[in-house]
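Report on the following structure.
A quick note: this is a predicted structure, and the numbers were derived from the prediction, not measured. Residue numbers count from 1 along this sequence.
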Amino acid sequence: MKQKTNIMYYFCLLLSVVSLCPSMLMAQTKNIADKIWNAAGGKSKWESTKYIMFTVTGNSQHASITGNRKFLLDKQSGMVRFEGTLNRNNVVAIFNVPNQKLIHIFDENGTEIAAQDYRGLLPDLIDQYNIDLKVLSLPASIASSSLNNPSESKIINAEKLQKVDFANFLGGRGSVYVNEESGLIKRIDMDDKSYIVNGYKDIGNGLVLPTIFKASGDSISYQKVASFTEMEPAKFNSF
C-alpha cells in the first residue's frame, strides 16, 4: 500500500512540474522581450514616434538601387520619401507603402519625372525600404517576433549574452544574443552570417537603436538616424 502511495505521489509531482514548465518558459520569453524593449527606450516610445529619418549603406538587395540611401517615413500614413540612386540616376521618390503607389519622382534638379518611367522599380524600392527599416529597428522587430525560449548563455567579448531564437524576422529564422543585464542585442545570426551589433544611439525622444552591423565581408551602417514628432507636409509631396 505504501509503495502505491509513493508512486501516486511522484506521479502527481511530475504532473505539477509538467504543468508549470510551459508557464515558466513563457515567463522567460516575456522577460527577455521586456528587456529588449526597455533597452530600446520602451515600447511606448517606439509607438509614439511618428517620423523616422535614416541614411544607410550596405545590404543592398537590388541592382537598381546603389550607393547611400536616405529614407524619411511617416509611420502613421505609410508615406516614404527616398533620396538616392535608381538605375544610375539621382532622384527623390515619394511613395506610399501600404498602397504600393508611387506618388512623385523628381530628378536631382527638382524637375518632376513621369512616374510611369519608374513604377517598375517600385517593388524593389519598397522591398529595400522594408529591409532597411527592420534592421535599423532591430529591437522592435525582434521583440515583436515569435521568440523561442532563451537557451544557452555565452561569453562574447567579455559580455554574458543570452541566446534567443526567432522565427519571423525578415521572413526567416535565426538567433540573437542579448546582454542579460542591459537587454541590448549584441549579435544576430541569420542567412548563414553572424553580425556584431553595436553603435547604439539615442535617435530622439529616448528611443535607442543600433546603427552598425558588422559581418565578415559584409557590413550595414546607418550614418544618420533621427526621429521626430512633427514634420513639414511638403516633405511628402514636393522636392
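Linking Ile, Leu, Val, Met, Phe, Trp and Tyr residues whenever their side-chain heavy atoms come within less than 4.5 Å leaves Leu72 and Tyr222 in two separate clusters. If you chain together hydrophobic residues whose side chains sit under 4.5 Å apart, Val91 and Ile103 never meet in one group. Follow the hydrophobic side-chain contacts under 4.5 Å out from Val92 and you never reach Tyr118; the two are in separate clusters. Residues Leu161 and Leu184 fall into different hydrophobic clusters, defined by Ile, Leu, Val, Met, Phe, Trp and Tyr side chains chained together at heavy-atom separations under 4.5 Å. Tracing side-chain contacts under 4.5 Å through hydrophobic residues (I, L, V, M, F, W, Y), one reaches Met53 starting from Met79; they form part of the same cluster.
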**OP:** For Asp189 and Ser194, run side-chain hydrogen bond (donor to acceptor under 3.5 Å, both in side chains): C-alpha distance rounded to whole Å, both residues' side-chain angles, the deciding distance at 0.1 Å, then the answer.
**Re:** CA-CA 4 Å; Asp189 294 350; Ser194 290; 2.8 Å; yes
**OP:** Could you go through the side chain to side chain contact (heavy atoms under 4.5 Å, CB included) check for Leu136 and Val56 one step at a time?
**Re:** CA-CA 9 Å; Leu136 172 65; Val56 57; over 6 Å; no
Subject >> Worked verdict on Arg69 versus Tyr129 for side chain to side chain contact (heavy atoms under 4.5 Å, CB included) >> reply: CA-CA 9 Å; Arg69 308 179 294 278; Tyr129 155 76; over 6 Å; no
**OP:** Give the C-alpha distance, both sets of side-chain angles, the deciding distance and a yes or no for side chain to side chain contact (heavy atoms under 4.5 Å, CB included) between Ile188 and Phe169.
**Re:** CA-CA 11 Å; Ile188 179 168; Phe169 174 72; 3.7 Å; yes
Subject >> Chi angles and distances behind the side chain to side chain contact (heavy atoms under 4.5 Å, CB included) call for Ile126, Phe82 >> reply: CA-CA 10 Å; Ile126 290 178; Phe82 164 81; over 6 Å; no
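In this structure, Trp37 and Ser144 have side chains that are in contact, with non-hydrogen atoms separated by less than 4.5 Å. Taking 4.5 Å as the limit, some side-chain heavy atom of Lys193 sits within range of a side-chain heavy atom of Asp218. Counting heavy atoms from C-beta on, the side chains of Tyr200 and Ile185 come closer than 4.5 Å. By the 4.5 Å heavy-atom criterion applied to side chains, Ile105 and Leu86 are counted as neighbours. Under the 4.5 Å side-chain criterion, counting only non-hydrogen atoms from C-beta, Leu209 is in contact with Pro139. Between Val135 and Leu170, some side-chain heavy-atom pair lies under the 4.5 Å cut-off. Looking at Asn59 and Phe213, their side chains never come closer than 4.5 Å, going by heavy atoms from C-beta outward. Residues Asn205 and Ser48 meet the side-chain proximity criterion, which asks for heavy atoms closer than 4.5 Å.
The two residues Gln162 and Glu152 make their nearest non-hydrogen contact at NE2-O, 3.5 Å. Across all their heavy atoms, Leu102 and Ala93 have their closest contact at CD1-CB, 4.2 Å. Across every non-hydrogen atom of Lys50 and Thr229, the tightest pair is CD-O, 3.3 Å. Shortest non-hydrogen contact noted between Phe228 and Ala226 is CZ-CB, 3.7 Å.
No donor-acceptor pair under 3.5 Å is formed between the side chain of Thr111 and the backbone N or O of Asp107. In terms of modelled atom types and a separation under 3.5 Å, the side chain of Asn168 and the main chain of Gly171 share no donor-acceptor contact. The backbone N or O of Ala167 lies less than 3.5 Å from no partner atom in the side chain of Ser146, so there is not a single donor-acceptor pair. A donor-acceptor distance shorter than 3.5 angstrom exists from the side chain of Ser227 to the backbone of Gly204, with no hydrogens or angles considered. A donor-acceptor pair under 3.5 Å links the side-chain atoms of Ser60 to the main chain of Ile65, judged by distance alone.
Between the CD atom in Gln128 and the OG atom in Ser64 there is a gap of 8.5 Å [rounded to 0.5 Å]. Taking NZ from Lys154 and NZ from Lys186, the interatomic distance works out to 16.0 Å, rounded to the nearest 0.5 Å. Taking CD1 from Ile52 and NZ from Lys75, the interatomic distance works out to 5.5 Å, rounded to the nearest 0.5 Å. To the nearest 0.5 Å, atoms CG (Asp127) and CD (Gln61) are separated by 7.0 Å. With values rounded to the nearest 0.5 angstrom, Ile94 atom CD1 is found 11.5 Å from Asn96 atom CG. Note that CG of Asn89 and CG of Asn87 are 7.0 Å apart. Values are rounded to the nearest 0.5 Å.
Using cut-offs of 30° and 60° for the angle between ring planes, the Phe71 and Phe54 rings count as tilted.
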Counting only pairs under 3.5 Å, give me each side-chain donor-acceptor contact of residues 173-181, with atom names and distances, residues two or more places apart or in other chains.
unit_1 : atom_1 : unit_2 : atom_2 : d
Ser175 : OG     : Asp165 : OD1    : 2.6
Asn179 : OD1    : Glu181 : N      : 2.8
Asn179 : OD1    : Ser182 : N      : 2.9
Asn179 : OD1    : Ser182 : OG     : 3.4
Asn179 : ND2    : Glu159 : OE2    : 2.8
Glu180 : OE2    : Ser153 : OG     : 2.7

N/O donor-acceptor pairs under 3.5 Å from side chains in residues 230-239, not counting sequence neighbours:
unit_1 : atom_1 : unit_2 : atom_2 : d
Asn237 : ND2    : Pro233 : O      : 3.2
Ser238 : OG     : Ala234 : O      : 3.0

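Other residues, nucleotides and ligands contribute more than 12 heavy atoms inside 6.0 Å of the CG atom of Asn109.
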